Amino acid sequence: MLTSINPVNNLPVKNYSEYTGEDCDKIISLVDDSFEKWKVESFAYRSGLMRNAAKVLRSNSEDYSLLMTIEMGKPIAQSRSEVEKCAWVCEYYAENAEKFLNDEIIKTEASKSFVTYRPLGVILAVMPWNFPFWQVFRFAAPNLMAGNTGLLKHASNVSGCALAIEDIFRKAGFPKDVFRSLLISSKNVKGVISNPKVKAVTLTGSVPAGQSVAALAGSLIKKTVLELGGSDPYVILEDADLEMAAKSCVTSRLINAGQSCIAAKRFIIVESVYDEFEKLYLEFMSKKKMGDPLDEKNDLGPQASIQLRNELHDQVMRSVKQGAEIILGGAIPKIDGAFYPPTILRNVKPGMAAFDEELFGPVAALIKAKNEDDAIDLANRSIFGLGAAIFTKDVKKGEQIAKEKLDAGCCFVNDFVKSDPRLPFGGIKESGYGRELSPFGIKEFVNIKTVYVK
Ligand code: NAP
């Protein structure tokens with residue numbers, strides 16, 4: 001049984017019966033059968049359906065937003081933005097997929113040689129709860145447009161979202177089995193990956209989940225894309241606009257109650273401006289209101305579950321034992337639900353939980369650096385390499401540091417890191433490999449086929 005629990009009050013919302021191995025095999029066969037027809041449909045036909053999906057999303061935005069907020073606690077305004085972003089990614093690939101996947105002529109001694117991009121077949125997506133619609137659409141829009149068919153194993157706490165997404169594609173007019181959800185728990189993912197009809201796997205989630213899925217897929221020579229955790233460093237240089245930087249850093253730390261892979265997690269500030277930055281950061285963070293995510297006055301709701309909230313608090317407590325100091329929050333509130341307040345830790349250093357681990361919640365780690373070089377060194381001292389940001393009024397220098405010195409998949413200058421359908425998204429090191437979104441994302445699960453005509 002998979003149960004959705006409202007993290008606001010820790011009460012069950014709905015139970016869902018888990019699909020058996022037999023149910024899954026049946027669905028996989030249907031999705032595989034539908035590939036044979038889907039792969040030869042024209043881009044124009046697929047684009048029309050993908051645009052319909054955007055319309056379905058927009059016209060039911062309130063229902064989908066409410067569903068997300070109830071299942072995982074996201075502030076309702078952020079749920080609405082998420083639905084809109086899903087519509088955007090559908091339209092983006094409806095508009096551009098054909099252009100991205102056009103045959104490419106390559107001049108050789110042949111009378112004609114070219115590269116053509118052919119779909120692979122059934123692709124499995126193992127997805128997390130934190131952006132329960134967006135994570136799925138950024139997989140589904142490019143892959144369905146490329147001619148693949150999709151299987152979704154969503155996180156066990158957002159089964160309502162999993163079924164709603166399957167229904168969106170149906171309402172949009174997609175053939176019934178081009179995209180299906182499998183309501184299964186993580187222990188049954190093995191059976192799905194091992195099914196010969198499943199050709200590749202993408203996973204967005206934690207490092208252990210990525211390791212397990214990639215190990216099995218690798219043993220079966222099935223390609224994987226992994227979008228894993230992060231501990232994004234935000235570097236504040238001496239000449240930064242401190243007020244703008246502090247505001248941007250607070251926003252990025254608190255989006256989705258801090259439960260974003262690309263949330264700012266470590267703030268590395270050069271010594272000469274440390275005190276001023278800390279003052280501003282504390283001031284802005286203190287103003288943020290935690291409470292019912294359905295009340296638009298609140299900036300953050302609960303964490304997604306009591307267990308995740310308790311794990312976060314344990315990381316805070318371990319950091320304190322290791323020498324960090326709490327200057328805001330840091331205590332579990334005496335109210336129902338999975339709430340954790342905006343929290344600031346200072347004196348954070350390598351070797352502490354708040355530096356070495358991913359803190360998936362509204363907890364900021366302030367780190368003092370001796371100078372610019374030290375700040376960059378500290379930023380890169382992480383097992384992760386997903387996003388990074390640098391704040392400086394010297395834009396040329398910022399650009400050079402972003403390009404050459406920060407070890408991350410996405411580096412932003414004077415802004416917080418965000419995903420955008422037009423830009424590639426993904427990490428290096430233990431943040432994973434492969435890219436989603438943009439022309440790069442649509443080419444992850446295609447056969448890059450060479451054709452040579454003598
Ligand atoms: P998670 O526990 O790893 O779960 C993610 C998905 O993987 C869920 O569907 C989960 O199923 C499944 N799963 C877990 N262990 C598995 C295993 N051993 N084999 C197969 N499937 C397994 O992660 P989460 O707590 O949902 O999400 C938070 C993590 O995701 C954070 O680390 C965050 O940084 C990362 N994330 C990364 C990105 C990115 O783009 N890089 C984006 C969002 C989130 P169950 O729910 O059934 O356990």
Side-chain angles (χ1 to χ4, degrees), residues 1-5 7 16 18-19 24 71-74 82 124-139 151-159 161-162 165 181-194 198 201-217 224-232 255-265 303-305 307-309 311-312 315 338 357-361 382-387 408-410 417-420 423-437 441 444:
M1 187 74 75
L2 304 178
T3 305
S4 296
I5 294 174
Y16 297 85
E18 255 195 74
Y19 296 5
C24 290
E71 285 200 313
M72 52 67 69
K74 188 187 295 283
E82 186 166 334
L124 169 67
V126 182
M127 290 288 148
W129 47 265
N130 62 339
F131 292 92
F133 268 53
W134 169 242
Q135 301 292 356
V136 179
F137 276 90
R138 77 182 192 186
F139 151 75
L151 271 181
L152 168 66
K153 181 276 182 266
H154 217 327
S156 299
N157 56 329
V158 291
S159 298
C161 290
I165 294 168
S181 287
L182 300 175
L183 298 189
I184 53 171
S185 62
S186 52
K187 64 179 191 309
N188 293 324
V189 172
K190 274 195 188 112
V192 180
I193 297 174
S194 305
V198 172
V201 191
T202 180
L203 178 135
T204 301
S206 59
V207 174
Q211 283 168 326
S212 157
V213 162
L216 176 59
T224 46
V225 163
L226 299 180
E227 297 283 2
L228 308 178
S231 181
D232 286 10
I255 285 174
N256 212 22
Q259 305 162 115
S260 166
C261 52
I262 45 162
K265 290 173 187 143
Q303 304 301 285
S305 72
Q307 189 200 333
L308 289 166
R309 188 273 310 273
E311 283 168 17
L312 177 69
Q315 288 175 305
E357 300 171 16
E358 178 181 36
L359 265 55
F360 215 56
S382 171
I383 57 166
F384 298 111
L386 190 54
C410 340
V417 180
K418 45 202 144 199
S419 59
D420 178 322
L423 297 169
F425 184 91
I428 58 170
K429 302 197 263 183
E430 290 186 28
S431 292
Y433 51 75
R435 291 293 177 266
E436 292 191 288
L437 305 174
E444 285 289 356

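Here the structure is a predicted model, which means the values were calculated and not measured. Indexing begins at 1, ligand by ligand and atom by atom, following the structure's order.
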- prompt: With no hydrogens and no angle check, do the side chains of Q315 and E311 hold a donor and an acceptor under 3.5 Å apart?
  reply: no

- line: At under 4.0 Å between heavy atoms, what of N130 touches ligand 1? The answer is side chain

task: Report yes if V189 has an N/O atom closer than 3.5 Å to an N/O atom of ligand 1; otherwise report no.
output: no

message: How close do A263 and D232 get, counting heavy atoms only, and between which atoms?
response: O-CB, 3.5 Å

- request: Please verify whether a non-hydrogen atom of F425 lies at under 4.0 Å from ligand 1.
  value: yes

query: Is the closest heavy atom of R138 to ligand 1 under 4.0 Å?
result: yes

message: When you compare ligand 1 with S431, is there at least one nitrogen or oxygen pair between them that comes in under 3.5 angstrom?
response: no

task: Using the six-membered ring of F133, assess whether NZ or CZ of K74 lies under 6.0 Å from its centre and within 45 degrees of the ring axis.
output: no

query: Between S212 and ligand 1, which residue portion shows a heavy-atom distance shorter than 4.0 Å: side chain, backbone, both, or neither?
result: side chain

message: Taking 4.0 Å as the limit for heavy-atom contacts, which would you say applies to V213 with ligand 1: side chain only, backbone only, both, or neither?
response: side chain

- request: State the CG-CZ distance between L228 and F384, to the nearest 0.5 angstrom.
  value: 8.5 Å

- request: Test the R435-F425 pair against the cation-pi criterion, namely NZ or CZ under 6.0 angstrom from the six-membered ring centroid and within 45° of the ring axis.
  value: no

